[in-house]
Amino acid sequence: MILDRRELLKVLGLATSGATLGACGRVWKVPGRLVERALRGPGLETFAQTICGLCEGGCGLTVRLFDDLPVGLKGNPKHPLNRGGLCPVGQAGLEVLYAPERVTGPLRRDEAGRYRPVTWDEALAEVAARLVALSGQRQGRRVALLSGEPGGLFADLAARFVQALGSPNVAHLAEPAALAYRLTQGLERPPGFDLSHADLVLSFGLDLFEDGPAPMHAIAALIGARPEAARAALIHVGTRLSPTAAKAEQRVAIAPGTHAAFALGVAHVLVREGSYDRRFVAEHTLGFDDWTDEQGRARLGFRRLLLERYYPDRAAHLAGCDAGRIVAVARRLARATAPVAVADGEAIQGAKGTWTAIAVHALNALLGAFDRPGGVVLPAPISLTPLPPLAEAPGGDDSLFAPRGAGAFGDDPVEALAARVLDGSTPVEVLFVVGANPLHTSPDADRLRQALERIPLVVALAPFLDETAAAAHLLLPTHVPLEAWREATTPSGVAFSTLGLAHPVIAPLHDTRHPGDVLLELARRAEGAVGAAAPWPTYQAYLEHRLTGLAAAGQGSVVAGSFEESWIHFLEDRGWRFLQHNDPAELWQDLVREGSWWNPVRSPGDWARLFPHASGRFEFFSLALERRLVELGRRESDALDSAEALARGVAALGLTARGDEACLPHFEPPRATAEGSLPLVPFRPLTARGSLAAASPMLLEMFGYPVLSGWETWVEIAPATAAQLDLGDGDRVAVESGRGAIEAVVRLKPGAASGVVHVPLGLGHRAPGSPAAGVGANPVEILEPVHDDLSGMLALAATHVRLRLLERRRHGGPAPLEEAHG
Ligand code: SF4
């Protein structure tokens, strides 16, 4: 039965929003049996605790059900991450569930390129036959898997499945940028930033409340869970007047790509004025003062580099701001009792992004912000049952995703896949794409499409017929979050451990499966070593198995009662056993009922865990970076001494730094802007979080809510820049780069840095099966193929554009919403 949204909400007895409904006018596809049951009259109202699952943020979700039919969503107030908050994407969970565009059963593309329905048995038999054949020929390495699915436990299962086939080719697109923390701290994942206890957060480029890894947590930690008088101050350094920047106590507008210069200017003032943490620096860092290495060579220290190169006038000149702002921010930091610095978003999305993250993290070391409340900490490990080692696990160095070109330490996995398939260096015969849409998120979609055409079997696991699914041979439709078992482990950057568990609050509406169940079924059909490596009958059983370790460890607690109660209980108990869960079955049941577990306990003084690399210290002078630069230099000649090899390695990356400076936090200037062009800084609005946001008309309606815009792509520019270009608010323009052009509407943004063009990501879908097909434009299509020097990841903010007037619409105010999507 098809109901439009207004009818459905009426049936379900829900309040309606005139603005949203007026814009949507779209049907929800609700199975007739469920509607008939709802029409029989008021039924039993129940609530279920689960997790949102629509992005990596890990928020707890309370689902309101009438006779087992989900009718309302709100944030779970018990959940320690979001404490009742729910972003618009989370609130769109019902639209995603009932979206009429969902794929209702497996599809196989025929020779004419049309999709035709097949059964699960037919689809899985075809894939399994390929896998068995490749395995039998010891060609398992011709299998590859790209995943954008959030969840660490799914990532483990996917990696195990691929490795058991004999392939090292697995990449997770959702993994956070961690290289700066590897080079300075020796960590493989970013550490936690204890926003809940910080009294001053210095944010470089990060739109904490919209685009951070866990925005609802940031809002709770900095605002919602604190009395007004105890809230942390926020200083934002960046180019865009984001919703977070607009709420900051201070905001410093700088030139794009110069965040590191500002950070190093602040570091200079802290050192020059003696306001840094001398004890921490002396006891827990390496490379602050000039030093002598094991070969007796004199090496440059961070202090000298700072004092000679980053005095405020020069740093301000580089960053395009006033030197007084640098001094003021440094002195404000020095007065704070628990300051912390974070970098993300636009600050790390240029070609020099990893260098910027290193420079900002050096501020934390000068502030002694490690291992203290309000600083940089490590969440306690989650004691999951480990997976038994595989008899033969292919090495990651052989992976087609291993670094070979773009960056010193890595490559963009999607581009690596396209390059190595097209040059024939790594043949791929079966590619799984799980919960990701790289044809929409990669700038060289044509090249990727060509690569996909060369792969004999591309299997997409997704709930919608998006661009990548439309290019696959097989589309295996997957559950959406409210229908599935899934887990969410601690989001990147959060200071305490969390584990959310989602259970199906409604039976799947269509003939869909969880990607984990698909992989387990394929492993079963492949038999042999693959079947033995993944013996769980269902993904639920796999999760239960992994979580038995939690009960045995006796740490943490299922969150019960109000959040504050559990916190108080926790503090009272200190021994961290106020809810005993020695029995794994009991823990599982409680976790299913309550939806979340957490462990805020830290182990202070565990420096070996905080700095696990060989030095055991925060490395201002990164030894891993030096080793890699020397390695790069010796590609030319093995005979080079280490100083010469370092110089050659630095030259190979095209750095402006020289010698030891390259191994220290320093500023690498962004690409120069050509005459008449402006730097393009794309950003991800809150309404575009996760891979399923485009399924919701409500989100499309409010897509650009900060500029009163919906159903279209806009460019944000400062009024002064608009005046120079003779553009006004509401004008339609072409945004042109060397790669192409997109259309957008001008929105003036007082407070944005001059001379910068900001464009939102998330729109411009082309696949006809996408609910957002034809809405807005995708700025990724006009990005230059520029990569981060070190991580090799695509640099989103390294393209320059021109704005060409297409249509002068109106000046003086935003276009009314009804015109914007009309
Ligand atoms: S979409 Fe992400 S941030 Fe929003 S409520 Fe869901 S998990 Fe939280």
Side-chain angles (χ1 to χ4, degrees), residues 48-64 70 72-97 99 148-154 173-176 195 206-225 242-244 344-345 435-437 463-464 479-484 486-494 496 498-503 505 559 563 595-598 683-696 698-700 702-703 705 760-762 772:
Q49 307 302 342
T50 181
I51 55 171
C52 166
L54 284 166
C55 87
E56 70 278 18
C59 297
L61 182 72
T62 302
V63 184
R64 183 183 181 209
L73 306 177
K74 60 180 185 173
N76 176 359
K78 299 175 192 171
H79 200 287
L81 281 173
N82 55 315
R83 300 189 183 202
L86 197 67
C87 85
V89 176
Q91 289 170 9
L94 291 181
E95 292 207 41
V96 172
L97 173 69
E149 189 76 9
L153 273 64
F154 176 77
L173 305 180
E175 279 175 0
L195 301 180
L206 172 57
D207 188 358
L208 263 171
F209 302 150
E210 296 226 337
D211 190 28
M216 293 298 101
H217 171 60
I219 292 172
L222 292 175
I223 302 174
S242 64
T244 306
D344 208 324
N437 185 7
F464 294 94
H479 300 330
V480 295
L482 293 174
E483 301 169 321
R486 64 173 61 216
E487 90 296 343
T489 43
T490 316
S492 168
V494 169
F496 50 84
T498 63
L499 180 83
L501 181 69
H503 65 279
V505 297
V559 177
F563 179 84
S596 56
W597 169 100
W598 76 310
F683 65 95
R684 180 172 66 155
L686 185 62
T687 38
R689 292 189 69 82
S691 61
L692 302 183
S696 159
M698 179 188 80
L699 293 174
L700 294 172
M702 61 181 294
F703 194 75
Y705 72 92
L761 297 161

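In each ligand, atom 1 is the first atom listed, and ligand 1 is the first ligand listed.
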Partner residues of [X] under the side-chain hydrogen bond (donor to acceptor under 3.5 Å, both in side chains) criterion, sequence neighbours left out:
X	value
Glu210	Tyr705
Asp211	Arg684
Thr50	none

Inset, instruction - Check each atom of ligand 1 against the heavy atoms of Gly58 and keep those under 4.0 Å away; list them by number with element. - result: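 Matching atoms, with element in brackets: 7 (S).
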- [ ] Tell me the protein N, O or S atoms under 2.8 Å from atom 4 (Fe) of ligand 1, in chain and number order.
- [x]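 Near atom 4 (Fe) of ligand 1, below 2.8 Å, one finds Cys87 SG.
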**Asked** Is the backbone N or O of Leu153 less than 3.5 Å from a side-chain atom of Glu487, with the two atoms forming a donor-acceptor pair by type?
**Response**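 Pair found, side chain donor or acceptor close to backbone of Leu153.
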Measure across Pro215 and Leu686 and return the closest heavy-atom pair with its distance rounded to 0.1 Å.
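Smallest heavy-atom distance, with atoms named: CG-CD1, 4.2 Å.
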Quiz item: With a 6.0 Å cut-off on ring centres, are His217 and Phe209 close enough?
Solution: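 Ring-ring flag for His217/Phe209: false, centres at least 6.0 Å apart.
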